Structures are given as structure tokens and as C-alpha cells.
Amino acid sequence: MIFHLLINLMVIRSVNICKRFERIEDLSPDMAIQGYVKNTMSKGCFIMLSRKLDAKVLLSNLSDTFVKDPEKEFPVGKLVTGRVLNVESLSKRVEVTLKKGNAGGQPKSESYDLKQFHVGDVISGSIKRVEPYGLFITIDKTSMVGLCHKSQLSDDRIEDVQARYEAGESVTAKILKLDEEKQRISLGMKSSYFMNDDDVKAQPPSEENAKEDSMECDPINDLKSGVLAAVGNFGFQETGSERQSGTSLVLAQVESRASIPALEVNLDDIEEAGFDNDQNEKLQGVDKDEKSKRREKQKDKEERERKIQAAEGRLLENHAPESADEFEKLVRSSPNSSFVWIKYMAFMLSLADIEKARSIAERALRTINIREEDEKLNIWVAYFNLENEHGSPPEEAVKKVFERARQYCDPKKVYHALLGVYERTEQYKLADKLLDEMVKKFKQSCKVWLRKVQSHLKQDVEDIQSIVNRALLCLPRHKHIKFISQTAILEFKCGNADRGRSLFEGVLREYPKRTDLWSVYLDQEIRLGEVDVIRSLFERAISLSLPPKKMKFLFKKFLEYEKSAGDEERVEYVKQRAMEYADSTLA
């Protein structure tokens with residue numbers, strides 16, 4: 001009660017300053033108003049225009065600047081001035097803005113005169129606000145604010161913007177784009193933008209700058225600038241024509257040599273354990289469009305990784321670091337690259353400094369960004385290899401690292417990685433022990449059971465059927481076909497072909513119309529090359545009563561085989577069988 005009396009007294013005192021509005025009908029949009037804060041929340045506040053009339057102010061309309069703590073900056077009882085945005089007479093709701101830039105009907109465009117700036121100008125300012133997607137920068141001696149997107153902050157990739165920058169920091173940036181219609185300024189802070197700037201002076205835009213702006217999101221361009229920056233860190237000094245020719249030489253190497261071998265940490269067995277990806281895709285009942293999109297996305301990711309690894313490899317080829325200081329410069333320029341860290345570890349091992357190699361591995365795990373899971377996993381695998389070779393005793397040392405790795409990475413991937421280390425070093429007892437632990441921990445994982453089957457086949461263990469039976473009891477039913485077919489493929493490749501045939505025959509008895517299974521079965525027989533068996537299997541397949549689309553696929557596959565392995569008579573025979581099927585279908 002006392003609170004409302006105080007607010008009413010304040011409103012009465014404000015009559016001399018601004019007209020008091022008793023009725024909502026007296027208000028209209030763009031009208032200047034004055035009132036006292038009645039209530040403040042995280043989403044905005046309510047102000048009292050008179051004893052009978054309140055208005056709402058949203059958080060976005062509280063101030064021209066960012067409001068971090070509304071309750072602190074707009075306490076109850078504070079006198080505020082603004083203008084009306086919207087009036088709803090029926091619901092008796094009034095919305096007000098307290099922004100001074102637009103108060104009193106002043107057009108917004110008057111406070112943003114972009115004509116004084118040009119694309120390519122270098123400006124200084126201070127960080128107004130830090131967001132996950134970039135920085136809002138207030139340009140010095142103006143009220144204008146520009147956005148420097150996350151991708152334009154540095155030549156190196158920045159994962160956590162908020163951890164690196166703070167509000168109030170002074171920064172220098174280059175104007176990349178001016179949008180007078182939307183009143184927006186796009187800025188860039190990459191060091192490569194200032195390579196040719198003397199004393200950070202503003203320069204008029206040129207054709208080259210325009211090209212750079214148009215290519216600012218091009219990954220190849222980013223790769224080039226990253227390579228150049230890293231080469232610069234090794235202390236090469238270039239002047240005049242030498243700089244131009246040297247730059248073009250490095251860029252030419254980046255573009256022309258994109259097939260450097262991958263990182264020397266074999267993670268293939270982590271992903272698919274050597275299984276045939278094409279066969280896997282045939283056994284997935286996934287829509288073709290969705291599958292092709294996924295495949296393209298994976299292909300693009302692999303291509304980007306190849307280019308980055310190629311650039312790093314060529315960098316080490318052109319000027320292989322020969323001292324710890326040079327490696328330190330390299331890891332500072334590429335802190336998230338497991339390739340560089342592992343090369344540094346290998347360098348220390350070549351000097352027989354095992355403790356230093358361990359400390360570098362620990363440092364890499366602390367330095368690499370937490371979101372770079374694959375890069376961190378590469379370091380853990382290198383750490384496994386280090387302890388497996390030089391640990392004392394090796395088994396205990398590897399176990400300690402393994403327990404730590406499980407806490408920071410996907411446990412399933414870590415298990416597969418360590419299993420790969422044991423298999424490559426032919427420590428089959430340790431591998432079998434780890435596999436027994438894996439099938440207990442991940443008993444519903446088809447990949448884990450397939451690794452166990454593969455391990456037994458490599459060691460020529462005959463009792464495969466008991467593993468298959470155990471797996472079928474543990475795996476969900478929808479994974480049975482995939483597991484049986486992949487086990488059959490493994491039998492064909494590194495086991496007993498007759499056992500593989502038996503598995504395929506068993507699953508085809510239950511699912512005789514699955515053309516994907518027929519196709520995989522035929523592929524394995526074609527790989528073995530027994531002509532009579534292959535033709536007999538094709539005859540069985542084309543004798544099935546299937547929809548025309550599926551029969552067309554089988555006839556086409558049969559025809560392709562006879563064209564490659566048979567003669568004209570066999571080709572004509574397949575065509576004749578296809579015609580007979582077509583006639584019988586039409587009849």
C-alpha cells in the first residue's frame with residue numbers, strides 16, 4: 001500500500017514535466033511519455049504512466065545499449081522517458097520503448113551515417129558485446145556498432161569466442177561490407193587483412209580486396225592463408241618480388257599436391273573394422289536420397305580433412321622442424337592439430353626423451369579444444385602407442401592412460417582404438433581380454449560382435465558358431481540381418497567360404513525377397529571366381545517371383561557378369577531369360 005502511494009505521488013509530481021495520461025484513448029503511437037518503473041523482470045519492465053494506466057517495456061526496448069542486469073539498471077521507482085510503440089484499446093495494453101536513439105520520433109537512420117566509411121577502411125573500437133557467433137564492436141568517436149562474425153575473427157579456427165574476448169577490450173578491425181539499407185557494418189579482424197597495411201591505416205577498396213571479400217567463406221582460401229601464416233612463423237623473410245614468387249609457389253603447392261598420406265594413427269578399425277562400406281549400405285533399408293545426402297556430407301568432410309592434412313604435411317616437408325623451438329612455433333600456430341602434436345612427440349622419441357614426449361601428449365590433451373573430439377582421440381591413440389612401446393610395465397601404463405581416455409572421449413571409440421593398437425602389435429591375448437570386456441559392456445553393438453568374430457577368424461579359431469549364437473541372443477532383432485550378413489562376408493574374406501554360404505542360405509530362407517542380400521551373396525561368390533557356383537546362384541535368383549523392379553536389378557547384374565566373364569552365347573542366354581520373364585509378366 002505504501003509502495004503504491006509513493007508511486008502515485010511521483011506520478012503527480014511529474015505532471016509539470018510531462019503531460020499525464022489518465023485514459024488509454026489519450027495515447028497514440030510515437031507519442032512522448034514519462035513514467036516511473038513499477039516492476040522489473042528479466043524480460044523487461046512495467047512503468048506507471050498514471051494512477052490508472054501502466055505500460056509494458058520489453059527487454060530489447062529498455063536501452064540503446066546492451067542491458068546485462070535489468071533489475072539493477074531499472075530499479076523500482078526510477079523516472080524514465082520514452083515513446084509509445086503500440087496501443088491496444090480493447091485489451092488496454094500499451095507498449096513503450098525507452099531507446100533514446102528513436103525517442104521523440106527521431107528517425108533511426110540519422111544516428112547511423114555510413115557515408116563516412118568505405119569498404120577496406122581500418123577502424124579502431126571497443127567490444128560492446130560478446131556472443132557465441134561473434135563480436136559487436138563500437139567504432140571509436142561514433143555511436144555506430146559493427147559485427148565481426150566468428151569466421152572473421154582469426155585466420156585460425158576459434159571454437160569459443162566468449163572465452164577469448166571480453167566486453168570493453170580495444171580492438172582493430174577492417175570494414176568488409178556496408179549495408180546502408182539495413183544499417184549494418186560487417187567487420188573482419190583476421191591478421192591476414194592487415195599484412196599489407198602500414199601502421200594500420202585506412203585504405204580505399206581495391207579489386208583484390210573485393211575478391212578477398214567475396215571469397216571470405218571459401219575453405220580453400222582459408223587453407224591457403226593458414227599455410228602462409230604457419231610458414232611465416234618459421235621465420236622466412238621475403239621482400240618485393242621474392243615475396244610474390246614465394247607466395248605463389250606455396251599456393252601452387254597447396255592446390256596441386258592434395259594427396260599426402262593421412263595421419264599416421266590408424267583409426268580405420270575404429271570406424272568400420274575393415275568391413276566393406278558398400279556392402280553395409282546395401283543392407284540398410286534407408287531412403288536413397290537421404291543416403292546420398294549423408295554420403296556427400298561425409299565425402300565433403302573427408303575432403304576437407306585431406307586438404308588440411310596435406311597442407312600440414314607439405315609444411316613439414318618444405319621446412320621440417322629441427323628443434324624443439326621450431327616445433328613450439330608450429331604448435332602455437334596450429335594448436336588444434338593432432339598431426340603437429342604427434343610429430344612433436346615423435347621428434348622427442350627420436351631424441352630418446354620419453355618423459356618429454358609424455359609431457360607433450362599431456363599438453364596436447366589440455367590444449368586441443370574440447371569440441372575437437374577426433375583430434376583428441378588421435379592424441380590418445382598416440383599415447384597408447386607410446387606407453388605400449390616404452391611404458392614400464394607396458395600393460396599397466398597403457399591401462400592407466402586407457403582409464404583416463406574413457407572419461408574424456410566416447411568410451412566405445414576408445415575401446416576400439418586400444419583394440420586396434422593391440423591387433424597391430426599382435427598382442428592377441430590382450431586383444432581377446434579387451435574384446436571380452438567390450439562384448440559385456442556393449443553387448444547390443446553389432447560392430448563390437450563383428451570385431452570379436454573378425455579377431456577369432458584371424459587367429460584361425462574354429463568355434464565361430466558359438467559367438468554367432470551369443471551375439472544373436474544379445475543383439476536387437478532389427479540388427480540380426482546386418483550381423484549375419486557381415487559375419488558371412490568375413491567368412492568369405494578371411495575364414496571358411498562354406499560357412500559363409502551356410503549363413504547366407506540361412507538368412508535367405510527367412511527373407512527370400514531381399515534383393516540386397518542376394519546382391520551381397522553374389523558379390524562374394526564373384527570375388528571367389530567359381531563360375532559354376534556363380535551361375536547356379538544367379539539362376540536361383542532370377543527364378544524368384546519378385547516385383548519387376550527387383551527382377552530388373554537381378555537380370556542387369558547377371559548380364560554385367562556374363563559380359564565380363566562369359567561369351568556372346570551366355571550374354572544372349574541372359575537376354576533371352578529376361579525376355580521370357582517380361583513376356584510372362586505381361587501375359
Side-chain angles (χ1 to χ4, degrees), residues 266-284 412-413 415-512 514 516-530 533-534 536-537 540:
N266 189 358
L267 295 181
D268 292 339
D269 49 358
I270 294 176
E271 295 300 326
E272 285 299 333
F275 305 134
D276 193 329
N277 289 335
D278 292 334
Q279 310 296 356
N280 255 337
E281 289 175 358
K282 287 178 183 177
L283 295 169
Q284 301 295 328
K412 194 173 175 182
K413 288 185 178 180
Y415 270 101
H416 280 292
L418 182 58
L419 180 62
V421 171
Y422 286 152
E423 288 179 342
R424 283 193 299 275
T425 54
E426 297 182 354
Q427 299 179 68
Y428 293 117
K429 288 185 179 179
L430 291 174
D432 289 342
K433 184 179 177 182
L434 187 64
L435 274 169
D436 290 338
E437 188 179 340
M438 289 171 70
V439 295
K440 290 178 183 177
K441 190 175 182 64
F442 310 105
K443 60 184 178 182
Q444 292 191 336
S445 170
C446 183
K447 190 184 294 185
V448 169
W449 284 105
L450 288 170
R451 288 296 294 270
K452 189 168 181 65
V453 170
Q454 185 186 37
S455 176
H456 278 62
L457 288 173
K458 284 182 178 179
Q459 298 176 59
D460 295 325
V461 177
E462 293 295 327
D463 190 19
I464 299 297
Q465 190 58 45
S466 63
I467 299 174
V468 173
N469 293 337
R470 280 179 59 201
L472 293 176
L473 288 173
C474 296
L475 290 172
R477 186 167 180 79
H478 69 274
K479 292 185 178 182
H480 284 190
I481 295 177
K482 178 183 176 182
F483 173 74
I484 294 171
S485 58
Q486 288 288 355
T487 303
I489 291 170
L490 287 172
E491 288 282 14
F492 270 98
K493 287 184 176 180
C494 49
N496 189 314
D498 288 334
R499 286 203 302 257
R501 291 187 185 103
S502 176
L503 288 168
F504 271 125
E505 293 293 341
V507 75
L508 282 171
R509 274 196 300 271
E510 192 170 350
Y511 303 98
R514 289 283 298 264
D516 54 347
L517 292 173
W518 282 103
S519 178
V520 174
Y521 189 6
L522 286 163
D523 286 341
Q524 301 312 308
E525 292 290 5
I526 290 170
R527 193 176 62 81
L528 287 182
E530 297 181 18
V533 176
I534 295 167
S536 173
L537 190 59
R540 285 176 55 197

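As the structure is a computational prediction, the values presented were derived from the model and not from experiment.
Here the straight-line distance linking atom OG of S455 with atom CG of L450 works out to 12.5 Å at 0.5 Å rounding. Rounding to the nearest 0.5 angstrom, the gap separating the CZ atom in R514 from the CD1 atom in I481 is 4.0 Å. Taken to the nearest 0.5 Å, the CD1 atom of I534 stands 8.5 Å off from the CG atom of L537. Taking CZ from R424 and CG from L419, the interatomic distance works out to 9.5 Å, rounded to the nearest 0.5 Å. For the atom pair L435 CG and L430 CG, the distance stands at 11.0 Å (nearest 0.5 Å). Between the CD1 atom of I464 and the NE2 atom of H456 there is a distance of 6.5 Å, given to the nearest 0.5 Å.
A salt bridge between R501 and D498 is present, with a side-chain N of the basic residue lying under 4.0 Å from a carboxylate O of the acidic one. Using a 4.0 Å cut-off between charged nitrogen and carboxylate oxygen, R499 and E505 do not count as a salt-bridge pair. A salt bridge is defined here as a Lys NZ or Arg NE, NH1 or NH2 lying under 4.0 Å from an Asp or Glu carboxylate O, and K452 with D432 fails to meet this definition. Here E426 does not pair with K458 in a salt bridge; the nearest charged N to carboxylate O distance is not below 4.0 Å.
Below 30°, between 30° and 60°, or above 60°: for Y521 and F504 the angle between ring planes is below 30°, a parallel geometry.
Counting all heavy atoms, side chain and backbone alike, V453 lies closest to L490 at CG1-CD1, 4.1 Å. When every heavy atom of L517 is checked against every heavy atom of S485, the shortest pair comes out as CD2-CB, 4.1 Å. Smallest separation of non-hydrogen atoms from A488 and G500: CB-O, 3.6 Å. Closest non-hydrogen pair, A497 versus L528, comes out as CB-CD1, 3.8 Å.
Residue R527 qualifies as enclosed at atom CZ: its count of foreign heavy atoms under 6.0 Å is above 12.
Contact check for L457 versus N496: no side-chain heavy atoms found under the 4.5 Å cut-off. Looking at heavy atoms from C-beta onward, K447 lies out of side-chain contact with Q486 at the 4.5 angstrom threshold.
With hydrogens and angles disregarded, a donor-acceptor distance shorter than 3.5 Å links the side chain of K479 to the backbone of Q444. Here the side chain of W518 pairs a donor or acceptor atom with the backbone of P512 at under 3.5 angstrom. A distance-only check finds a donor-acceptor pair linking the side chain of W449 to the backbone of K443 [under 3.5 Å].
For an aromatic pair to be called close, the ring centres must be under 6.0 Å apart, and Y422 with Y428 fails this.
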Between R477 and E510, does the salt bridge (charged side-chain N to carboxylate O under 4.0 Å, His left out) criterion hold? Intermediate values first, please. CA-CA 13 Å; R477 186 167 180 79; E510 192 170 350; 3.3 Å; yes
Pair R451-M438, side chain to side chain contact (heavy atoms under 4.5 Å, CB included): steps then yes or no: CA-CA 10 Å; R451 288 296 294 270; M438 289 171 70; 5.6 Å; no
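At a cut-off of 3.5 Å, with distance as the only test, no side-chain donor of E491 or T487 sits close to an acceptor on the other residue.
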